[in-house]
Amino acid sequence: MASGNSFYITTPIFYVNDAPHIGHAYTEVAADVLARWHRQAGDDTWSLTGTDEHGEKILRTATANGTTPKEWADKLVTEAWKPLLATINIKNDDFIRTTDERHETNVQLFLQRLFDAGFVYSGEYEALYCVGCEEFKPQSEIVDGTGPFEGQKVCAIHSKPLELLQEKNYFFRMSDFTDRLLALYEERPEFIQPESARNEVIQFVKQGLSDLSISRSSFDWGVKVPWDDSHVVYVWFDALLNYVTAVGYGQDEEEFARRWPATHIVGKDILRFHAVIWPAMLLAAGLEVPKQVFGHGWLLVGGEKMSKSKLTGIAPTEITDTFGSDAFRYYFMRAIAFGQDGSFSWEDLSARYQSELANGFGNLASRVIAMVTRYFDGVVPAEAERTDAELVIHAEVSAASDLADASMEKLAVHDAIAAIWRIVDELNGYITDQEPWALSKDEANRERLGTVLYTALEGLRALAVLLSPVLPEATARLWTALGAVGALGALEDQPLREAGTWGQLPAGTQVSALEALFPRIEATVN
RNA sequence: GGCAGGGUAGCUCAGUUGGUGAGAGCGCACGACUCAUAAUCGUGAGGUCGCGGGUUCGAAUCCCGCUCCUGCUACCA
C-alpha cells in the first residue's frame, strides 16, 4: 500500500454554524468512496475534511450563546460534525480546523509571502452597509426598495435603506491572473469538471477579474494579518488555505511535496472560490494549482434545491436510523450521476433499497451461502470442468472490474457502481439457469454442482472487494461469512484492481452463516 | 435582462458526428422456478421524444420562434 501515485482528495470544510444535512453528507460520502477506492487500489491516498470556524457570524452566535467563539466551535465540532462523519462511516485521514495552530500560523506565512511579493496592497473597500445587520451586505441580500424607499437599495432582511460606507482593507491583486487562469482552463480541460461547471467558470472569468478584498477590521474573530493586527483575514481566503496547511505547507515541505496537488470535491455554490480565487492565490504564491476541482450537483427534494434556510434540510440520521449507513452511501452514489443535480425522495430510497440492496445483492449472498452450507456442509467446493456459462461469468466479472476502475478514475462513481452491479444481475441469472437445487438431487452431478457454487462464491468474493469502498459494513460481513479473512486476509487489503482475477477463494475454505445483509424494511417510510 | 444547461414511457434517467419499427432500471401484468430476505428468472403492456414552424430522401438528434424548469450573474458558507 501507499506505493502508488499520490491521490489527495478534499471535501469543503464545514462552516461550523451550519446544521448538518444530507447535502454535507453527500459530499463527504463521495469523497470517501473515492478515497477508499484509491486507498485499496494501492495509491498513496490522503483524504481531508474539516471545519471552518472563523468569521463574524460565528463570533455573533457564540456571543449570543454566552460563550467564546472557540468554545462554541469546539462544541459544534464535537457534537455535530464529528458525529456526522461517524453516522455515514467516513474514513478520513485528517480533520483540520481553521483554528488549528498549524493552520493559523501558515495562513499568516502564506499571506506574508504574497505581501512580500507585491500581490497585496492597502485600499479602500466601499460597499453597502446595513445598520440593522451591522455588516456589509452581499449582492444577494440587496434588493430594490419599495414604498417609501422606492429607488433606493435596501437590506433584504430589514427592508431598510443601506448606507454606502468605506473601510480600509487589504486587497489581493486577483485581476493580474485573469489571463493565466483562462490559459489554465484552456490547457487543462480536466481542471474544472464537469463540463457545465467549467463553462460557467470560464464565462465568468472572461468578464475580467477585479481585485479581492481579503481583510476585515470591523471584528476580530479570525487570523490576524501579520503586518497589521487590526485586521483579520477574510474568511474565504483563510478557509481555502486549509487544503495546503493540512498537508504540511510552511512546516513540512516533504509531506507537502508528497501530497499536493489535491482533487477538490465541492458543491456548485462554492465552485468559483475553488476554481478562480484559489488557483489565483496559489499562482501568486508560486505553488501548483489543484489537480482538479470537481463540482457536484444539488440534491433536490421535492424538485427544489435543499437548503438549510428553508425547511427542506434532512438530517442524515433520519435516513441512517432506518436504512443504515451503507444504504445511505449506496443510494446517493448510485441514484445520482455525480456532477449533476439529483432528486432525493423517500420513495426512491425505499425502492432502491428493496430491489437493489435487499433483493439484488443481499439475497444473492444469502442464497449462495445457504446452498454451500446445505449441499457442501459449508466447505467451498472445487471448481471442475468449466462450461461456457462459467466463462461468461469470468469475463463479466473481469470487464466490470475494469470498467469500474476506469469510471472511478473519471470520478463517475455512479457509473462505477452500475458496472459492478452487472455482476449481481449476471450471477442471479446464472444461478437460476444452472439450477443447483436440481443438480443436488443426483449424486452424479456432484462435480457440476460444485463448479456452479464455486462460480457463485467467486463472484461474491469479487463483489465484496469491489463494493467495499461503497458498502464497507455489508461487504465486511460478507467477507467474514465467505471465510475469506483466513484464506485471503483482511478485506481492505485486497488489491482492488485485481478484484476481477478469477479463482482467488481457495476450495476447502469454510463459509459461515450470514445474517441478511440488507434486511427487508417492512414499515413504510413517511 | 444577460449567459449556461434542461424538458424522452407511471417514476428516475440513457440516447455518439441526423438513418434498421425510440432504449435501461424501477413499478405494473402474465408465466416459470423454489436454493434464497414472499426473494430469483423470463415474457409483455406503456411514449404526439415540451409546443409550432423549417432544412433534409430521412430528425428525439440540425436551424428559427414560443413556453416551462434549474443554475450562474463575485467577496453569501
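Letters A, B, ... mirror the listed sequences (proteins, then strands); counts begin at 1.
Between Phe328(A) and Tyr26(A), every side-chain heavy-atom pair lies at or beyond the 4.5 Å cut-off. You'll find the side chain of Arg198(A) stays beyond 4.5 Å of the side chain of Phe191(A), heavy atoms only. Contact annotation: the side chain of Val201(A) never approaches that of Arg272(A) to less than 4.5 Å [non-hydrogen atoms, C-beta and beyond].
Figure legend. C66(B) is base-paired to G50(B); pairs are counted as Watson-Crick or G-U wobble with both atom distances under 3.5 Å. When both pairing distances are held under 3.5 Å, A24(B) makes a Watson-Crick or G-U pair with U12(B). Nucleotide A38(B) has no partner under the Watson-Crick or G-U criteria, as no pair reaches both atom distances under 3.5 Å. Searching all strands for a Watson-Crick or G-U wobble partner of C72(B) with both distances below 3.5 Å returns G2(B).
At a threshold of 4.0 angstrom between heavy atoms, the contacts of Asp52(A) include nucleobase atoms, whether or not backbone atoms are also involved. As judged by a 4.0 angstrom heavy-atom cut-off over every strand, Ile336(A) is placed among residues making no nucleic acid contact. Within the 4.0 angstrom heavy-atom criterion, base atoms lie near Asp211(A). Using a 4.0 Å heavy-atom criterion, one finds that Gly339(A) contacts no nucleic acid atom at all. At a threshold of 4.0 angstrom between heavy atoms, the contacts of Ser210(A) include nucleobase atoms, whether or not backbone atoms are also involved. Looking at heavy-atom distances under 4.0 Å, Gln203(A) makes contact with sugar-phosphate atoms alone, never a base. Within the 4.0 angstrom heavy-atom criterion, base atoms lie near Ala239(A).
Using a 4.0 Å cut-off between charged nitrogen and carboxylate oxygen, Glu390(A) and Arg448(A) count as a salt-bridge pair. Contact check on Glu56(A) versus Arg60(A) returns a salt bridge, with a Lys/Arg side-chain nitrogen under 4.0 Å from an Asp/Glu carboxylate oxygen. Taking a cutoff of 4.0 Å between a charged side-chain nitrogen and a carboxylate oxygen, Asp179(A) and Lys206(A) do not qualify as a salt bridge. Between Arg422(A) and Glu396(A), at least one side-chain nitrogen of the basic residue sits less than 4.0 Å from a carboxylate oxygen of the acidic one, meeting the salt-bridge criterion. No salt bridge links Arg97(A) with Asp52(A); every basic N to acidic carboxylate O contact stays at or beyond 4.0 Å.
C75(B) sits 50 Å from G23(B) when the P atoms are compared, rounded to a whole Å. Taking atom C1' on both U67(B) and A24(B), the two are 29 Å apart, rounded to the nearest angstrom. Comparing the C1' positions of C33(B) and A39(B) gives an interatomic distance of 12 Å, to the nearest angstrom. To the nearest whole angstrom, the two P atoms, one in C63(B) and one in G5(B), are 11 Å apart. Using atom C1' as the reference point in both G58(B) and G18(B), the two lie 8 Å apart (nearest Å). U12(B) sits 11 Å from G27(B) when the C1' atoms are compared, rounded to a whole Å. Rounded to the nearest Å, the gap between the P atom of A74(B) and that of A59(B) is 44 Å.
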Taking N or O atoms only and anything under 3.5 Å, show me the protein contacts with nucleotides 34-37 of chain B, one pair per line.
unit_1	atom_1	unit_2	atom_2	d
C35(B)	O3'	Arg374(A)	NH2	3.4
C35(B)	O2	Arg367(A)	NE	3.1
C35(B)	N3	Arg367(A)	NE	3.4
C35(B)	N3	Arg367(A)	NH2	2.6
C35(B)	N4	Arg367(A)	NH2	3.2
A36(B)	OP1	Arg374(A)	NH2	3.0
A36(B)	O2'	Asn363(A)	OD1	2.5
A36(B)	N3	Asn363(A)	ND2	3.2
A36(B)	N3	Arg367(A)	NE	3.3
U37(B)	O2	Phe518(A)	O	3.3
U37(B)	O2	Arg520(A)	N	3.4
U37(B)	N3	Phe518(A)	O	2.9
U37(B)	O4	Gly362(A)	O	3.2
U37(B)	O4	Leu517(A)	N	3.1
U37(B)	O4	Phe518(A)	N	3.2

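Between Arg216(A) atom CZ and C75(B) atom P there is a gap of 10 Å when expressed in whole angstrom units. Computed from coordinates, the Arg334(A) CZ to U12(B) P distance equals 17 Å when rounded to whole Å. Here G6(B) presents its P atom at 12 Å from CD of Glu200(A), a figure rounded to the nearest Å. Rounded to an integer number of Å, the gap from Gln207(A) CD to U73(B) C1' is 7 Å. Rounded to whole Å, the distance from NZ on Lys206(A) to C1' on U73(B) is 16 Å. Nucleotide C3(B) holds its C1' atom 11 Å from the CG atom of Asn199(A), rounded to whole Å. Atom CG in Asp341(A) sits roughly 10 Å away from atom P in C72(B) (whole-Å rounding). Per the geometry, CD1 belonging to Ile417(A) stands 16 Å off C1' belonging to C13(B), to the nearest Å.
For Phe338(A) and Phe294(A), the ring centers sit closer than 6.0 Å to each other.
Arg198(A) has no side-chain polar atom (N or O) that falls below the 4.0 Å cut-off from OP1 or OP2 of A4(B). OP1 or OP2 of A14(B) lies within a sub-4.0 Å distance of a side-chain N or O belonging to Gln340(A).
Ranked by how close their nearest RNA chain B nucleotide is to the 5' end, Leu212(A) and Asp348(A) are led by Asp348(A). Ranked by how close their nearest RNA chain B nucleotide is to the 5' end, Gly342(A) and Ser355(A) are led by Gly342(A).
When the shell of 6.0 Å around CD of Glu515(A) is examined, it contains 12 or fewer heavy atoms from other residues, nucleotides or ligands.
Glycosidic conformation, G7(B): anti, with the torsion outside 90° of 0.
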